[in-house]
2 protein chains.
Amino acid sequence: MPSTHIIPTLDDVAKAAGVSTATVSRCLNTSEKVSERSRLKVMKAVEMLGYTPNFGARAMAAKRTFTIGAIIPTMENAIFARGLQAFQETLYANGYTLLVSSTAYRPDVEAEQIKALIARGADGLLLIGYERDHSIYKYLERRGVPTLIAWAFAQDSALPTIGFDNRASMRALCDKVLDMGHKKIGFISGIIAGNDRASERLQGVKEGMRARGLDPNDMPVCESTYEIENGANAFETIMQGAYTPTVVMCGNDVLAVGAMQRAHEMGLKVPQDVSITGFDDIELARIVSPQLTTVHVPHREMGSRAAEELTRMVEHVSTGVSCQLDSSLRLRGSLRVLD
Amino acid sequence: MPSTHIIPTLDDVAKAAGVSTATVSRCLNTSEKVSERSRLKVMKAVEMLGYTPNFGARAMAAKRTFTIGAIIPTMENAIFARGLQAFQETLYANGYTLLVSSTAYRPDVEAEQIKALIARGADGLLLIGYERDHSIYKYLERRGVPTLIAWAFAQDSALPTIGFDNRASMRALCDKVLDMGHKKIGFISGIIAGNDRASERLQGVKEGMRARGLDPNDMPVCESTYEIENGANAFETIMQGAYTPTVVMCGNDVLAVGAMQRAHEMGLKVPQDVSITGFDDIELARIVSPQLTTVHVPHREMGSRAAEELTRMVEHVSTGVSCQLDSSLRLRGSLRVLD
DNA sequence: TTGTATGCGTTATCAT
DNA sequence: ATGATAACGCATACAA
């Protein structure tokens, strides 16, 4: 391999342009403070040498990176991908760059990623959900890194949140299900440990049952990772139990689609033999047949609002204000009225 | 807001532990070169102060970041998400961190992101597809950043590639379609400009037609961004034209699913009235009904192999060797034999 | 408008 | 095994 590569520095550019490094730096950052003549010379040198500023050095000198970090559970779920896309677009429009990493739903990995992004000089952070070890909040606080929590809303959170009320949303869907005459519900939940969204959703259903005098303890609940195949297995487990529900509510659309698939394979017709509901309203929900009854969440809006607010926080124009978004029911073919 | 935050540095840790900065640094990097006693003192101080190394400073001093950058067109397509997940897992196992950014299929944004990642000290880069401006390759070459190209395979590429032959894969599917008696094909393509995968796939179909004495110019081709809704619109456009195909082949599964939806809405039965094929074999392909005939691509394998090879390149044990993976046909209900 | 000089937090070289 | 110190590349306060 080529023994050494010429990586041009500010100094090289300055020499080539016949000016000082300060002028080059000014030219690249606050170009209005530089004469047109110098600017041209510098730009030519930059072009010629293929110069790119060293980010680490810049961050160290300026204590500012115009970088925002986001840490999400997984890229494989469309809801994060979509919200993040909007987040990134809005950030970009405001002059910021987004750095993303994912945790595979592992709290220890998340803690690590938070430190990694902060070490990289992220000016602000976006996290998903509010449930995490207290030491992390302490760390964030001490470093003074503006942090916003999305995909969840909570009045009393230590950090500002932007999102919707997972419990109330699922409760609303549950109320509807009960309105339609269902009395025996089965529930397929995401893994609850460390995931406030999953846990809130389950609570929402239990709440709804209690309100109608039904005992939540009767309800078969199956925890599963958010994968189609696992949703399918969970569905089978539930349907083969002694307690046969007339409706299986799922923690998200991915699980619900898995349930629908398995129902089909088991020879059960949806919604004639069993109703199924989801949560999130991802594209998938309208692609399966029958279409999936679910809770619609404004992912894109959440993403762009989060970007706006986080930008304000980073620029010290806001200390972080929470924002609750509305979710809404999407009643489709997978849920039917019980005769 | 709190006027200032205490961000502990190596120096603070050294003071607190009563050792020199050198010892702290060694302790954090090559801990075997430090006495057990010092190590304990240092670790305690690190813990107490909540110290996180400054990445920029470290990169500048060590000229090494253990960071790999990946630039993909979009996070919203499952094929990238999936392959990248595997890429990231393998990287992580090898002690590297992944930084991801997306371009929304815009070449100018890609160029920018490449520079951004390099400025951030990425030890290596993963890019999608080989079609890009020559100046970018020159820049990469000059900086000496190990770069690997994935999602495409090309013998004569300037950079090592890992992937499959998009043209041959689509050609194989086209051959199959023609074998089944179809003679009138419509094609929904992704946007071809700047996207070698899209263009190769279209070429594959044209090649297949020519081989059977059919004129590719007769084939209606509709370009569309990779979105379900746009695939649907493209399908409608094609079917309403004078030339009514018996099969509509699509540049990827997302477009194909859009086509299937619109077919349904138009009262056309798949595959009785019209056959539809996709490309990629994402989960969606087995969720729609009828299930989608498509080309299966080993995304996860591609991701992890890319990680292995790129790691080798970064560590100078390889100068980059290309690797061709096999794709295979998945014949499912959406394609039927023409009577 | 421009240049000079200093500091940012880390690693690595060289002594000890 | 440990400590002192010189880079690393950039932004900025200050001087001119």
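Labels below follow one simple rule: chain letters A, B, ... track the order of the sequence lines, proteins then strands, and each chain is numbered from 1.
- Listed pair B:N29 / C:dT11 meets the phosphate criterion, a side-chain N or O lying under 4.0 Å from OP1 or OP2.
- In summary, B:R106 and B:E112 do not engage in a salt bridge, as defined by a charged side-chain N under 4.0 Å from a carboxylate O.
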Working for side-chain contact (heavy atoms from CB on, under 4.5 Å), residues B:K138 and B:H134
CA-CA 6 Å; B:K138 228 175 54 191; B:H134 178 249; 4.1 Å; yes
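- OP1 or OP2 of C:dT11 has at least one side-chain nitrogen or oxygen of B:S25 nearer than 4.0 Å.
- Considering only side-chain atoms of B:A57, the nucleotide from D:dC10, C:dG9, C:dT11 that sits closest is C:dG9.
- Rounded to a whole Å, the CG atom of B:L10 is 14 Å from the P atom of C:dC8.
- Separating the NZ atom of B:K15 from the C1' atom of C:dG9 is a distance of 12 Å, rounded to the nearest angstrom.
- Among C:dT4, C:dC8, C:dG9, the nucleotide with an atom closest to any side-chain atom of B:A61 is C:dG9.
- The CG atom of B:L28 sits 13 Å away from the C1' atom of C:dG9 (whole-angstrom rounding).
- Close to C:dG3, at under 4.0 Å from its OP1 or OP2, lies a side-chain N or O of A:T23.
- Sequence order on DNA chain D of the closest nucleotides to B:G18 and B:K63 puts B:G18 first from the 5' end.
- Put simply, CD1 on A:I7 is 19 Å from P on D:dA7, counting in whole angstrom units.
- Nucleic acid contact for A:A22: base, since at least one base atom lies under 4.0 Å from a heavy atom of the residue.
- In this model, the phosphate group of C:dT2 is approached by a side-chain N or O of A:S35 to a distance below 4.0 Å at OP1 or OP2.
- Between A:R312 and A:E309 there is a salt bridge, since a side-chain N of the basic residue sits under 4.0 Å from a carboxylate O of the acidic one.
- With the nearest nucleotide of DNA chain C identified for both B:R26 and B:Y51, B:Y51 has the one nearer the 5' end.
- At the phosphate of C:dT2, OP1 or OP2 sits under 4.0 Å from a side-chain N or O atom of A:S38.
- When rounded to the nearest whole Å, the span between CD1 of B:I118 and P of D:dG9 equals 16 Å.
- Between the CG atom of B:N54 and the C1' atom of D:dC10 there is a distance of 13 Å, rounded to whole Å.
- Looking at B:T67 and A:R120, their side chains do bring a donor and an acceptor atom within 3.5 Å of each other.
- OP1 or OP2 of C:dG9 has not a single side-chain nitrogen or oxygen of B:T9 nearer than 4.0 Å.
- Distance CE (A:M60) to C1' (C:dT11): 11 Å, rounded to an integer number of Å.
- Rounded to whole Å, the distance from CZ on B:R64 to P on D:dC8 is 19 Å.
- There is a side-chain donor-acceptor pair under 3.5 Å between B:S135 and B:D133.
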